[in-house]
Amino acid sequence: MPILRNVVSSLCWKKMALAGALLPGLAVLSVLPLQAYAAPTKVASAAVAQYAVTGKFNRNTVADLARKLAKTPYKEPEKVLPASLRDLNYDQYRDIRFNPASAIWADEGLPFQMQLFHRGFYFKETVEIAIIEEGESHHLRYTPELFTTGEVMQQPLPTEDVGFAGFRLHNPLNRAEYFDEMAVFQGASYFRSLGKNQAYGLSSRGLAIKTADPEGEQFPTFRAFWIEKPAKDSNSIVVYALLDSPSTTGSYRFTLRPGKNTVMDVEVTLFPREDLNKVGLAAGTSMFMFSSYGRDKVDDFRPRVHDSDGLLMLNGRGERLWRPLTNPANLQISAFMDNAPLGFGLLQRNRDFNNFQDLEARYERRPSLWVEPVGNWGRGAVVLVEIPTESEIHDNIVAYWSPKETIPAGSEYSFAYRLVWGVAPVAMQGEAVVDATRSGRADISGPVPERLFVVDYRFPNPLDGIEIHKPKATVKNSGGDVSHIVVVENPVNSGYRVSFELDPKDQKLIELRLDLEFTDGRKAESWMYQWSR
């Protein structure tokens, strides 16, 4: 089954957009004093903070907590809710809105503000939150005054400290006078961000465990967050997180820098309770329903529907590989073996509204997510999971790095990476990249089993004044027969169009790879595709 979007706005991004609809980024004028949250009164024992407590804090605090937690048996997160929140439907939950007068730091002239999510509906687990200031963490206590309700939510909000479901950060991302929502942490270990003038799309995860495994996927949870109060002249904000699951605990440190591309530097240490041999690092989760290929069963007025249209990989050998995404008939898992990867990510390359024609979803504004490993990640594979879906409300695409070696129980495994949310990585000067993929039947006179593929290349960063000679195209296939490979100049994008035909014969799945070779040695992306019946 497709993965139901686990972040609040992902319940149905096109129709619901909860994280934005509940309360879009606001410039607010007042805030309740931090002291009002730092010293909670007597509360129900289940809601007392276990991790994000008031006290001394340093860079090792969360790692020390994770290390200690890993030495104890896993305990399922507390999901007990007061009666008034226990059975909320979508409309009732949406009607609980954060009170803008309560935004953290809103009256302090800082470059960031923070708002919180209420527990309820799909988000029953308690997420503890604390503010870090001058080496001290201050537990952020829930009070009903932080939220407002409308006519739909008739139940009273609880008065005890029930914790939160997550939080979001605001920043003058698009214009100086307005605080836009620029990052959200909510739902298991999911989080997301975006660049300037973009709309939320794909998400990232703290960790993926046993994704698409027959035993069932495991969803680690961020149990607690600590957010550093930013300085007035700061262009970044730091978030710490404690992760927990039956398989492992983990400490995370996120440094967020909003901009045209919003950058997150992520530092992680895992403390496995058991051997981790089906783990995904730096996982991205997205949606792909259909595009300009594989449309044989599409009944939709829109030309395309997707948050991402391809997986880009820059492997340790310096090759640049482009794999268009698919919405397969059956679950597909592809592993691209590598050593010391330089980068990978799910990209939304198509930025033309005319190719989507959706005034509400605005898919052309969805961010790409590029992962840059810090240091040598060694041997492993970039894994792409494609899950069949008939609805755009489901995330059906997952991409992550899978280490070759098992991470043993009882060890400490540290790694770091950078996430870039925004536009696609810039190609090297003179490098040709895939601009579009199209496919259909190979004979216009009637239905035939042979398939025609058309791949357009362009030069996003051309070498001025250099004559480019037509390249030679080579197509490799794991089955069937490939014929009629043709390369022609494309005057529309000043690049090249490559076409070829595939006769699948009796094959049900065929791997394809297209390479361009230029006589002057300039590089081109390798196009890779998995055709299936």
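What you see below is based on every heavy atom in this structure, not just the backbone, and it leaves out hydrogens, waters and symmetry mates.
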Participant: Evaluate the criterion ring-ring contact (aromatic ring centres under 6.0 Å, His included) for residue pair Tyr142 and His118; output intermediate values, then yes/no.
Facilitator: CA-CA 9 Å; Tyr142 167 91; His118 205 287; 5.2 Å; yes
Participant: Applying the side chain to side chain donor-acceptor pair (under 3.5 Å) test to Lys229, which of Glu108, Glu134, His138 qualifies?
Facilitator: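 By the side chain to side chain donor-acceptor pair (under 3.5 Å) criterion, Lys229 pairs with just one of Glu108, Glu134, His138: Glu108.
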Participant: Any Lys/Arg nitrogen of Asp309 or Arg349 sitting under 4.0 Å from an Asp/Glu carboxylate oxygen of the other?
Facilitator: no
Participant: Any side-chain heavy atom of Trp322 within less than 4.5 Å of one from Leu347?
Facilitator: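 Of all side-chain heavy-atom pairs linking Leu347 with Trp322, at least one is under 4.5 Å.
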Participant: Below 30° counts as parallel, above 60° as perpendicular, anything between as tilted: where do the rings of Phe222 and Tyr252 land?
Facilitator: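 Plane angle over 60°, so perpendicular.
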Participant: Could you tell me whether Asp244 and Lys75 make a salt bridge, using a distance below 4.0 angstrom between a side-chain N and a carboxylate O?
Facilitator: no
Participant: Does Asp87 CG have over 12 foreign heavy atoms under 6.0 Å away?
Facilitator: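 No, not enclosed.
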Participant: Decide whether a cation-pi geometry holds between Arg223 and Tyr51; the criteria are a distance under 6.0 Å from NZ or CZ to the six-membered ring centre and an angle within 45° of the ring axis.
Facilitator: no
Participant: Flag the pair Leu69 / Arg273 as yes when at least one side-chain heavy-atom distance between them is below 4.5 Å, and no otherwise.
Facilitator: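 In contact.
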Participant: Out of Pro403, Pro272, Ser402, which one pairs with Val279 under the side-chain contact (heavy atoms from CB on, under 4.5 Å) rule?
Facilitator: Pro403
Participant: Less than 4.5 Å apart, side chain to side chain, heavy atoms only: is that true for Ile209 and Thr248?
Facilitator: yes
Participant: Using the ring of each side chain (for Trp, its six-membered ring), is Phe191 parallel, tilted or perpendicular to Phe254, with breaks at 30° and 60°?
Facilitator: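 Perpendicular, since the angle between the ring planes exceeds 60°.
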Participant: Tell me every residue that passes ring-ring contact (aromatic ring centres under 6.0 Å, His included) with Phe336, counting only those two or more places apart in sequence or in another chain.
Facilitator: none
Participant: Hey, does Pro158 have a side-chain heavy atom less than 4.5 Å from the side chain of Leu81?
Facilitator: no
Participant: Test of understanding: with ring-ring contact (aromatic ring centres under 6.0 Å, His included), list the residues that count as partners of Phe344, not counting sequence neighbours.
Facilitator: none
Participant: Would you please name every residue forming a side chain to side chain contact (heavy atoms under 4.5 Å, CB included) with Ala70, sequence neighbours left out?
Facilitator: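 Ala70 satisfies side chain to side chain contact (heavy atoms under 4.5 Å, CB included) with Thr249, Phe271 once adjacent residues are dropped.
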Participant: Quick check against the 3.5 Å criterion: does Glu412 have a side-chain atom that pairs as donor or acceptor with the backbone of Thr269?
Facilitator: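 Checking the backbone N and O of Thr269 against the side chain of Glu412, no donor-acceptor pair under 3.5 Å is found.
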Participant: Look at the rings of Phe415 and Trp377 and say which category their plane angle falls in: under 30° parallel, 30 to 60° tilted, over 60° perpendicular.
Facilitator: perpendicular
Participant: Is a salt bridge present between Glu392 and Arg366, judged by a nitrogen-to-oxygen distance below 4.0 Å?
Facilitator: no
Participant: Taking the side chain as everything from C-beta on, heavy atoms only, tell me whether Ile397 gets closer than 4.5 Å to Glu386.
Facilitator: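 Touching, per the 4.5 Å side-chain cut-off.
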Participant: For the CD atom on Glu136, are there more than 12 heavy atoms of other groups (residues, nucleotides or ligands in this structure) within a distance under 6.0 Å?
Facilitator: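 Result for CD/Glu136: enclosed.
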Participant: What I want to check is whether the side chains of Gln332 and Gln530 have a donor and an acceptor closer together than 3.5 Å.
Facilitator: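 Side chains of Gln332 and Gln530: pair found under 3.5 Å.
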Participant: Under 6.0 Å between ring centres, would you say that holds for Phe185 and Phe167?
Facilitator: yes
